[in-house]
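Basis for what follows: all heavy atoms, side chains included, without hydrogens, waters or symmetry-related copies. It should be emphasised that the depicted structure is a prediction, and the values quoted were computed from it without experimental measurement. Sequence lines set the chain letters: A, B, ... in the order given, protein chains first and strands last, and positions in each chain run from 1.
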There are 2 protein chains.
Amino acid sequence: MDFKMKKFRDINLKLTPQRLAIFEYLDDNKSHPSAEDIYLEIRKKYPTISFATVYKTLEALKKQGLLLELTIDPERRRYDPGTEHHHHLICIDCKKIVDIHADFRVDVPEDAKGSFEMLGNHIEFYGLCPECKKKG
Amino acid sequence: MDFKMKKFRDINLKLTPQRLAIFEYLDDNKSHPSAEDIYLEIRKKYPTISFATVYKTLEALKKQGLLLELTIDPERRRYDPGTEHHHHLICIDCKKIVDIHADFRVDVPEDAKGSFEMLGNHIEFYGLCPECKKKG
DNA sequence: TATTTAAGGATAATCATTATGGATTTTAAA
DNA sequence: TTTAAAATCCATAATGATTATCCTTAAATA
């Protein structure tokens with residue numbers, strides 16, 4: 001976290017208590033929270049924080065490449081502080097998201113990609129988590 | 001298309017001109033249109049059609065498995081009448097989406113998936129399309 | 001500590017999507 | 001055909017997530 005604080009300063013972002021709280025909450029967070037999840041959590045400590053602050057902080061983190069915005073839950077955006085390349089498994093029922101750290105060979109055949117310049121990939125796995133499977 | 005019309009009847013959906021127009025537009029459509037794209041197109045022929053009708057028709061098609069709802073463009077939902085399993089390549093600039101029909105082995109290691117019941121997967125490739133690459 | 005400059009917070013605006021409800025059209029049956 | 005029942009249409013309002021605005025306040029730095 002110290003490491004990240006430094007990065008903040010380096011990039012001309014002011015360090016405020018609200019940002020630090022968001023930062024701490026996200027650090028090592030594997031729950032892929034939505035903006036609302038973050039807002040509700042931080043509000044416990046800073047009851048006057050507004051959604052605007054949350055969104056603006058997320059935007060800043062994204063710009064620095066410290067945060068990934070996931071487009072996997074159709075209902076809302078999810079945020080992932082994970083930094084190395086990985087994939088996701090989502091429960092189609094409760095929408096829980098789990099990281100998948102594994103290396104897959106997924107090279108698009110030349111004829112399929114045309115003259116696209118390929119930059120990256122992301123695999124979404126769909127399934128039922130143990131809890132939801134139990135419920136039926 | 002006849003084939004799909006039959007399906008419509010089979011499933012107790014009334015055939016209306018608006019629905020037929022949406023249907024025709026989607027048939028063999030590889031452009032992954034948004035609801036607005038569809039609305040704007042159909043409006044040329046049926047100037048009074050409303051967004052509600054578009055969304056309800058899309059919903060009906062989804063329920064029958066004739067249409068896939070893509071959560072790949074963070075700004076809006078895209079629709080894909082493609083029926084067999086395939087993946088997508090999206091231009092990070094213009095958001096164009098291209099189908100990738102290829103078979104990838106992407107089996108999640110046992111330890112990574114826990115006791116999830118795996119149901120499917122979808123690979124998103126990111127890149128720059130030829131047009132956007134040219135523009136820089 | 002003073003000055004500059006960005007951030008915070010309240011709130012309004014926007015945009016995609018969903019819900020509502022009365023008028024209209026389709027379907028199916030007489 | 002004619003008609004009754006049911007589903008659809010469309011206009012519009014409601015919702016919910018995200019973004020923009022604007023004024024006040026706080027952080028950085030000399």
Side-chain angles (χ1 to χ4, degrees), chain A residues 4-25 32-64 67-80 95 97, chain B residues 5-23 25 32-64 67-80 95 97:
Chain A
K4 283 183 184 168
M5 274 173 51
K6 193 158 72 61
K7 274 216 174 172
F8 249 121
R9 288 186 195 281
D10 288 350
I11 226 94
N12 281 334
L13 277 183
K14 289 182 180 173
L15 268 182
T16 67
Q18 293 88 340
R19 283 183 169 175
L20 277 176
I22 293 175
F23 229 21
E24 252 177 76
Y25 174 66
H32 310 84
S34 66
E36 187 182 19
D37 294 333
I38 298 167
Y39 169 73
L40 291 176
E41 183 61 31
I42 305 302
R43 208 172 53 164
K44 292 180 186 166
K45 207 169 179 180
Y46 297 94
T48 70
I49 199 172
S50 87
F51 256 109
T53 300
V54 173
Y55 277 109
K56 276 188 271 192
T57 302
L58 293 173
E59 183 61 29
L61 288 170
K62 260 187 347 190
K63 275 206 183 131
Q64 291 173 60
L67 188 67
L68 220 60
E69 194 178 79
L70 303 184
T71 306
I72 181 172
D73 178 348
E75 301 310 319
R76 73 204 87 255
R77 299 186 192 168
R78 305 285 209 94
Y79 296 89
D80 187 343
K95 313 301 180 194
I97 299 176
Chain B
M5 272 173 54
K6 193 158 69 62
K7 275 216 173 172
F8 248 123
R9 288 188 193 278
D10 288 350
I11 227 92
N12 281 334
L13 275 184
K14 290 182 180 173
L15 270 180
T16 66
Q18 293 90 342
R19 283 183 171 173
L20 276 176
I22 294 175
F23 229 21
Y25 175 67
H32 309 84
S34 65
E36 187 181 19
D37 294 333
I38 298 166
Y39 169 73
L40 291 175
E41 183 60 31
I42 305 302
R43 208 172 53 164
K44 292 179 186 166
K45 209 170 178 180
Y46 297 95
T48 69
I49 198 172
S50 88
F51 257 109
T53 301
V54 173
Y55 276 110
K56 274 190 268 192
T57 303
L58 293 173
E59 183 61 28
L61 287 170
K62 259 187 348 190
K63 276 206 183 129
Q64 290 173 61
L67 188 67
L68 220 59
E69 193 177 80
L70 303 183
T71 305
I72 181 172
D73 178 347
E75 302 309 317
R76 74 204 86 253
R77 299 185 192 168
R78 305 285 210 95
Y79 296 89
D80 187 343
K95 313 301 180 192
I97 299 176

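Nearer to the 5' terminus of DNA chain C, by closest-nucleotide assignment, is the contact made by Y46(A) (compared with the other of Y79(B) and Y46(A)). Residue-to-nucleotide proximity on DNA chain D shows that, of K56(A) and E36(A), the 5′-proximal contact is made by E36(A).
Using a 4.0 Å cut-off between charged nitrogen and carboxylate oxygen, D73(A) and R78(A) count as a salt-bridge pair. Contact check on R77(A) versus E75(B) returns a salt bridge, with a Lys/Arg side-chain nitrogen under 4.0 Å from an Asp/Glu carboxylate oxygen. Between E59(A) and K62(A) there is a salt bridge, since a side-chain N of the basic residue sits under 4.0 Å from a carboxylate O of the acidic one.
Checking dG8(C), dT12(D), dC9(D) against the side-chain heavy atoms of R19(B) singles out dC9(D) as nearest. Residue S50(A) has its side chain nearest to dG9(C) when only dG9(C), dT18(D), dC9(D) are considered. Of the listed nucleotides (dA11(D), dG9(C), dT17(C)), dA11(D) has the atom at the smallest distance from the side chain of T48(B). When each of dA27(D), dG9(C), dA7(C) is scored by its nearest atom to the side-chain atoms of L13(A), the top-ranked nucleotide is dA7(C). Ranking dC9(D), dT27(C), dG8(C) by closeness to the Q18(A) side chain, first place goes to dG8(C). Relative to the side chain of K14(B), the nucleotides dT26(C), dC10(D), dT17(C) differ in distance, and dT26(C) lies closest. Of the candidate nucleotides dA17(D), dA11(D), dT27(C), dA17(D) has the atom lying nearest to any side-chain atom of R76(A). Which of dT18(C), dA19(C), dA20(D) sits closest to the side chain of R77(B) comes down to dT18(C). Across dG8(C), dA20(D), dT18(C), the shortest atom-to-atom separation from the side chain of T16(A) is found for dG8(C).
Distance check, rounded to the nearest 0.5 Å: OG of S34(B) to CG of L58(B) gives 9.5 Å.
Separating the CG atom of L40(B) from the P atom of dC15(C) is a distance of 14 Å, rounded to the nearest angstrom. We find that CG of D73(A) is positioned 15 Å from C1' of dT17(C), with the value rounded to whole Å. Atom CZ of F51(B) and atom P of dA13(D) are 17 Å apart (whole Å). Regarding L70(B), its CG atom lies at a distance of 17 Å from the C1' atom of dT17(C), rounded to whole Å. Separating the CD1 atom of I38(A) from the P atom of dT18(D) is a distance of 10 Å, rounded to the nearest angstrom. The separation between E59(A) atom CD and dG8(C) atom P is 14 Å, rounded to whole Å. Atom P of nucleotide dA10(C) and atom CZ of R43(A) are separated by 11 Å, given to the nearest angstrom. The nearest whole Å value for the distance from the CD1 atom in I49(A) to the P atom in dT11(C) is 16 Å.
Among the atoms of the strands shown, none is found under 4.0 Å from any heavy atom of P74(B). Among the heavy atoms of the strands lying under 4.0 Å from E75(A) are primed sugar atoms or P, OP1, OP2 only; no base atom is included.
Residues A35(B) and V54(B) come closest through the heavy atom pair O-CG1, 3.9 Å.
At least one side-chain nitrogen or oxygen of Y55(A) sits closer than 4.0 Å to the OP1 or OP2 atom of dT18(D).
R19(B) contributes no side-chain N or O that, together with a main-chain N or O of T57(B), makes up a donor-acceptor pair within less than 3.5 Å.
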